[in-house]
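Please read the structure below before turning to the comments.
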Amino acid sequence: MTYEVEYPVDLDDLAYEIEAKGWLPNVVVRSGTRQWTLTIYDPTRLAQDITSELTTSPYAALPNVLVVPHVTRTAITAALNNLATSNFTDLT
């Protein structure tokens, strides 16, 4: 399945900063007539955000999250390529 990705910032120019933060919001993925707005996390940052959320709430709900080993273009592309083989069913 083909898809397009729209990053909210110039990922290549800010790659070091984004990878260090472990978080990239508002990544838009389009395939056919469908569209998803994702937040990309690395496992460490996701755990930190969930732990923080649980200090003020009895639960953590994070819609449209994609977790990759490192928040880099390579890791994001690999994950999306893998999801594309299943028609992005894991994003719904």
Side-chain angles (χ1 to χ4, degrees):
M1 172 167 272
T2 60
Y3 66 91
E4 298 175 5
V5 180
E6 180 182 320
Y7 294 98
V9 295
D10 188 348
L11 185 59
D12 295 325
D13 289 344
L14 300 173
Y16 178 78
E17 180 180 341
I18 291 167
E19 184 176 4
K21 288 182 178 182
W23 175 73
L24 180 62
N26 301 316
V27 175
V28 178
V29 177
R30 294 181 190 88
S31 181
T33 60
R34 300 183 71 191
Q35 176 175 303
W36 301 268
T37 302
L38 305 176
T39 301
I40 313 296
Y41 280 97
D42 71 20
T44 302
R45 176 62 186 265
L46 179 61
Q48 291 169 344
D49 283 3
I50 289 173
T51 299
S52 177
E53 183 69 24
L54 292 175
T55 64
T56 60
S57 177
Y59 65 91
L62 302 170
N64 298 321
V65 169
L66 177 62
V67 181
V68 294
H70 305 282
V71 182
T72 63
R73 183 181 295 274
T74 300
I76 294 167
T77 300
L80 292 174
N81 284 341
N82 190 280
L83 286 166
T85 64
S86 66
N87 295 323
F88 295 99
T89 55
D90 289 342
L91 293 177
T92 56

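As the structure is a computational prediction, the values presented were derived from the model and not from experiment. The first residue of the sequence shown is numbered 1, and numbering continues consecutively from there.
Considering every non-hydrogen atom in both Ala61 and Pro63, the closest pair reads O-CD, 3.7 Å. Annotation for Ser31 and Met1: closest pair OG-SD, 3.0 Å, computed over non-hydrogen atoms. The two residues Ala79 and Val68 have their closest heavy-atom pair at CB-CG1, 3.8 Å.
Counting only residues at least two apart or in different chains, side-chain hydrogen bond (donor to acceptor under 3.5 Å, both in side chains) contacts with residues 52-77 comprise Asp12-Arg73.
Annotation: the span from Leu54 atom CG to Ile50 atom CD1 amounts to 7.0 Å, rounded to 0.5 Å. Taking CD of Glu6 as the reference point, atom CG of Asn26 lies at 10.0 Å (rounded to 0.5 Å). Taking CG of Leu24 as the start and CD of Glu19 as the end, the distance is 12.0 Å to the nearest 0.5 Å. Expressed to the nearest 0.5 Å, how far CD1 of Ile40 lies from OH of Tyr7 amounts to 7.5 Å.
Evaluation of the side-chain contact (heavy atoms from CB on, under 4.5 Å) rule for Tyr16 yields no partner, not counting sequence neighbours. Asp49 is linked by a side chain to side chain donor-acceptor pair (under 3.5 Å) to Tyr41, Arg45, counting only residues two or more places apart in sequence or in another chain.
Side-chain contact check for Ile76 versus Leu38: every heavy-atom pair is 4.5 Å or farther apart. Counting heavy atoms from C-beta outward, Asp42 and Pro69 have side chains that stay 4.5 Å or more apart. In this structure the side chain of Val27 never reaches within 4.5 angstrom of the side chain of Leu66, judged on heavy atoms.
Taking the six-membered ring where tryptophan is involved, the planes of Phe88 and Tyr3 are perpendicular, since the angle between them exceeds 60° and thus also 30°.
Although no hydrogens or angles enter the test, the distance criterion places no donor-acceptor pair under 3.5 Å between the side chain of Thr37 and the main chain of Val28.
Cluster annotation: Val71 and Val65 are assigned to distinct hydrophobic clusters (Ile/Leu/Val/Met/Phe/Trp/Tyr, side-chain heavy-atom contacts under 4.5 Å, transitive).
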Open item on the list: Val29 vs Leu80, test: side-chain contact (heavy atoms from CB on, under 4.5 Å). Steps then yes/no.
Closed with: CA-CA 9 Å; Val29 177; Leu80 292 174; 4.0 Å; yes
